[in-house]
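Contents: one structure, followed by commentary.
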Amino acid sequence: FVRACMDAARGDVTTLKLFIASAVGGYRLGVPLPALGSAVAACEAEHSTAGRPLLPEEAELRTLWLSLVYLTLEAEGEAAPPGGDGGDGGDGGDG
């Protein structure tokens with residue numbers, strides 16, 4: 001994710017698009033948002049793209065991006081697969 005942000009700052013959104021596509025894939029597979037966030041955090045901890053632990057605000061930004069992907073798909077009417085709640089715990093994302 002850090003790489004995606006650094007690339008975007010230079011005007012290259014390719015890496016960010018790949019991050020978003022991964023989040024879309026998680027949504028379509030019915031992976032709850034907290035589980036996806038935990039999996040991404042675990043991957044980042046093991047294979048740090050920043051070369052260091054993420055700062056709290058960087059981790060929050062990553063979570064925000066994942067949340068925005070899920071909320072956008074919900075708002076566009078894309079249904080999560082049966083058994084998946086789209087990551088909002090079944091409450092429509094309002095709480």
Can you get from [X] to [Y] by hopping between Ile, Leu, Val, Met, Phe, Trp and Tyr side chains that sit under 4.5 Å apart?
X     : Y     : answer
Leu55 : Leu61 : no
Val13 : Met6  : no
Leu66 : Leu18 : no
Leu64 : Ile20 : yes

Taking side chain as C-beta onward, heavy atoms only, is Glu60 less than 4.5 Å from Thr63? no
Rounded to the nearest 0.5 Å, the CD atom of Glu74 sits from the CG atom of Leu71 at a distance of 5.5 Å
Roughly how far, to the nearest 0.5 Å, is the CZ atom of Arg10 from the OG1 atom of Thr15? 8.0 Å
State, to 0.1 Å, how close [X] and [Y] come at their nearest heavy-atom pair, and which atoms those are.
X     : Y     : result
Trp65 : Phe19 : CB-CE2, 3.8 Å
Leu33 : Ser67 : CD2-OG, 3.5 Å
Ala23 : Val69 : CB-CG1, 3.7 Å

Between Glu76 and Leu73 (side chain of the first, backbone of the second, donor and acceptor by atom type, cut-off under 3.5 Å), is there such a pair? no
Between Arg28 and Val24, does the side-chain contact (heavy atoms from CB on, under 4.5 Å) criterion hold? Intermediate values first, please. CA-CA 6 Å; Arg28 290 181 176 160; Val24 170; 3.5 Å; yes
